[in-house]
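One structure is given here, and the rest of the page talks about it.
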Number of protein chains: 2
Amino acid sequence: MPRFYFEDFSVGQILPLGQVTLDSAAIIEFATRYDPQSFHVDEKAAASSPFGGLIASGWHTCAVIMRLMCDAYLLDSASIGSPGVEDIRWKKPVRAGDTLTVQVEILETRPSRSKPGQGSILTRVTAVNQHGEMAMTMESWCMLAARSAA
Amino acid sequence: MPRFYFEDFSVGQILPLGQVTLDSAAIIEFATRYDPQSFHVDEKAAASSPFGGLIASGWHTCAVIMRLMCDAYLLDSASIGSPGVEDIRWKKPVRAGDTLTVQVEILETRPSRSKPGQGSILTRVTAVNQHGEMAMTMESWCMLAARSAA
């Protein structure tokens with residue numbers, strides 16, 4: 001049985017997800033496959049871009065944050081996926097070597113009207129870099145089975 | 001010189017991005033690294049999940065769509081990254097072997113007030129599966145340099 005069901009999340013709850021560092025090899029590897037814009041894959045081109053150096057694809061940042069969410073609670077939860085994301089803000093470039101400290105706040109918990117026995121939680125994710133700058137925010141939904149239905 | 005600058009996008013424009021197929025090996029590979037929930041990485045567990053079979057991580061779907069956007073126009077554009085995403089809706093599971101037909105519509109073009117010589121375009125992305133079902137929608141921003149500034 002998973003540890004976390006829908007009922008285990010409550011508005012205002014803060015879940016620290018820990019830290020993740022994106023190095024240039026990982027940035028280039030991800031972007032070569034999924035987002036090969038020059039400032040994500042080519043150190044030299046990136047240096048002469050408006051960013052002044054290599055930066056991670058925003059989708060790479062989302063992916064590594066998803067992994068932190070999995071490791072912190074989703075893999076031990078009754079998660080049944082996500083209907084979507086309310087917004088993502090890539091506020092500061094994530095540069096090679098940056099370390100992001102990530103946390104989740106529960107903004108809303110909504111029992112399903114159409115499917116009793118499950119509900120959705122709205123989470124606000126924040127990722128702060130080692131300079132104390134907010135690098136990314138996201139509001140995203142997660143659907144979970146309810147313990148009452150298990 | 002890139003082919004596409006800010007001025008080259010106009011509201012109502014439709015950009016077909018082509019198709020992408022997600023097979024089970026690719027689904028499992030991506031999810032093993034970034035989103036190892038059982039219904040993304042384990043065929044057997046997925047079969048007995050509410051999804052009834054392996055489905056792609058929503059972040060994987062975003063990543064392969066980003067690649068289509070790159071190949072269709074971003075790599076030959078004056079793109080200077082993205083400030084964010086207005087929303088993502090994962091409407092139908094993307095199952096192993098599904099083929100998505102993806103297109104972009106330009107919803108808005110907004111010259112920068114603070115930085116003359118650049119602007120942002122708001123795009124609506126739709127991904128329709130081989131059954132004609134809308135699998136995913138997204139509204140996302142892209143910043144571009146203006147030709148007038150080049």
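As a basis for the values below, the full set of heavy atoms in this structure was taken, side chains included, without hydrogen atoms, waters or symmetry mates. Naming convention: chains lettered A, B, ... in sequence-line order (proteins, then strands); numbering from 1 in each chain.
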Structural part of [X] lying under 4.5 Å from a heavy atom of chain B:
X        : result
A/Leu75  : side chain
A/Pro50  : side chain
A/Met138 : side chain
A/Thr61  : neither
A/Trp59  : side chain
A/Ser49  : neither

Closest-packed option against chain A by number of heavy-atom pairs under 4.5 Å, given B/Cys70, B/Pro83, B/Pro93, B/Ser57: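 Top option by heavy-atom pairs under 4.5 Å: B/Pro83.
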
Return the option, out of B/Asp87, B/Leu74, B/Val85, with the maximum number of heavy-atom pairs under 4.5 Å with chain A.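 With the most close heavy-atom pairs to chain A, the winner is B/Val85.
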
So which of [options] has the biggest tally of heavy-atom pairs under 4.5 Å with chain B?
options                             : value
A/Gly58, A/Ala31, A/Ser140, A/Gly81 : A/Gly81
A/His40, A/Glu139, A/Lys91, A/Glu29 : A/Glu29
A/Asp71, A/Ile80, A/Val64, A/Thr137 : A/Ile80

Taking the side chain as every heavy atom from C-beta outward, state whether [X] and [Y] have any pair of such atoms under 4.5 Å apart.
X       : Y       : value
A/Ile88 : B/Ile88 : yes
B/Met66 : A/Gln37 : yes
A/Trp90 : B/Ser82 : yes

Quick one: sort the B/Tyr34 and A/His60 rings into parallel, tilted or perpendicular, breaks at 30° and 60°.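 Aromatic pair B/Tyr34/A/His60 classed perpendicular.
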
If Ile, Leu, Val, Met, Phe, Trp and Tyr residues are connected whenever their side-chain heavy atoms lie under 4.5 Å apart, and connections chain through other members, are [X] and [Y] in the same group?
X        : Y        : result
A/Val94  : A/Met69  : yes
A/Phe6   : A/Leu122 : no
B/Leu22  : B/Val41  : no
B/Leu54  : B/Leu100 : yes
A/Ile121 : A/Leu15  : yes

Do any N or O atoms from the side chain of B/Arg67 and from the backbone of A/Arg33 form a donor-acceptor pair under 3.5 angstrom?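 Confirmed, B/Arg67 side chain pairs with A/Arg33 backbone.
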
So which atom in A/Phe39 and which in B/Ser79 form the shortest heavy-atom distance, rounded to 0.1 Å?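 So the minimum-distance heavy-atom pair works out to CE2-O, 3.4 Å.
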
